Amino acid sequence: MMTVVTRFAPSPTGFLHIGGARTALFNWLYARKTGGKMLLRIEDTDRQRSTTEAIDAILDGLSWLGLGWDDQTIYQFARAERHAEVARQLLAAGRAYHCYATPEELDEMRALAMKEGRPPRYDGRWRDRDPSEAPPGLKPVIRLKARQDGETVVDDLVQGRVVIPNKDLDDLVLLRSDGTPTYMHAVVVDDHDMGITHIIRGVDHLTNAARQTQIYEALGWPVPAMAHIPLIHGPDGAKLSKRHGALGVEQYRALGYLPEALRNYLVRLGWSQGDKEFFSTEEMIEAFDLSAVGRSPARFDFAKLEAVNGHYIRHAADDRLLAAIDDILPHIEGGPDIAAALTPARRAQVLKAMPGIKERAKTVLELIDGAGFILASRPLAVDDKAAALLSPEARGHLAALHERLAALPEWTAAATDAAVRAEAEARGVKLGMLAQPLRAALTGRTTSPGIFDVLEVLGREESLARIADQMPA
Ligand code: GLU
């Protein structure tokens, strides 16, 4: 049996955006599913636009998403000599030729095509010309001598059988006059040399697939299986824009999405298994198949992503969520201050309060917000809504509560619960009349985890001190 080898081949001219992340995920899943490998190739041949920051962002983003790749990362630019060698090999075999057409000539061809209402094509003027006619001092490009009759067929695993008449494909450039390879040529040589068996990428590369197929055929190399997956559109069906969520993966991380949630959300953009919404990593690998990838564009929906993330947060282990907080602190505003406030004692408190905090959070940012009462220091900043609850009457209740709570022999949620209820009864008021100002005093907010859990997490000393801060002077 042939071992499957897939690859993710991003151009490091920008961050790892959501579409790229999904392409990587599909390649990763297919490789894992088949017991094969996923390789990573950084397509850094555009020297002007490729940056090391973008490379780092791509590597970080993949690692954060848990999409590990096999073997060594390949950098395309480093293989330029091999690309040139293969182009010369085609030249020697008569499957490619030197073309000396000047930029002006190419402009004329383009203008003529425009005038005649056909797509611009190189007219093949150097295809059969003798090199001795070459103008002196001009460096040629190397063009593929593409077949002109018949058709090129791409048997795509997602798009089906795509047939392109060869007369619509011109003799593409393999090697520029400065000796650098074109994208089209480099991709073919690299995929071949890396032993790629399956090319899984966005459908925007489908026309390239036909041209690349011609290069494979000229070289006598087997053409890898191809799967061109639909693009991701915004919720309104238009091309994905920043407003829609075309952000870098690192931005999703800073917005507080868990990698496992983002992965689950992404896998269902273009692929599904019935109505099943949530997949563990193992289930995803088990169920994934290219034949179940649809052809229509997927729609990106932030609200849906948030709901999926909330599900993952509610079901995550508490220490996993504490780790997720640690993970994003370096990436968010104010993160370093929070990291400094997270002493070992407070970490233990956050962990203890996590069951109540995670019930109310859809993102890691909301977890941090929910843990705010633990990280806050006295005297607490009280928000406007909470301040409105601290009427003179309520402050009177707090004073009575303080006395009763201070007398408790043990400090547990159950004990404080009983004490607050007893006090409400003694004063002939509803529990809420005490619980609300108590929450305001302990957290500075009107929402928080259960108030008796808050009391237990904060501990006797800190709780009593926060209550005392709000008592009548
Ligand atoms: N480097 C190309 C891109 O980022 C992908 C090339 C390929 O997958 O063949 O769009």
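Worth saying up front: this structure is predicted, and the values here are computed from it rather than measured. Because only heavy atoms are used, hydrogens play no part in the values below, and waters and symmetry mates are left out as well, while side chains stay in. Atoms within a ligand are numbered from 1 in the order they appear, just like the ligands themselves.
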Practice task
Check the pair R299 / D301 against salt bridge (charged side-chain N to carboxylate O under 4.0 Å, His left out), numbers first and verdict last.
Solution key: CA-CA 6 Å; R299 292 194 178 201; D301 179 351; over 6 Å; no
Handout entry: Verdict with supporting geometry, Y257 and Y265, ring pair (Phe, Tyr, Trp, His ring centres under 6.0 Å)
Key = CA-CA 11 Å; Y257 295 100; Y265 178 70; 8.9 Å; no
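Just one residue in the list D190, D191, T197 forms a side chain to side chain donor-acceptor pair (under 3.5 Å) with R7, and that residue is D191.
Residue-level contacts of ligand 1 at the 4.0 Å heavy-atom threshold are R7, A9, P10, S11, E43, Y183, V187, R201, H205.
Between R201 and T23, the side chains place no donor N or O within less than 3.5 Å of an acceptor N or O (distance only, hydrogens not considered).
Below 30°, between 30° and 60°, or above 60°: for H83 and H185 the angle between ring planes is above 60°, a perpendicular geometry.
Aromatic rings of F300 and H233 (six-membered ring for Trp) have centroids beyond the 6.0 Å cut-off, not under it.
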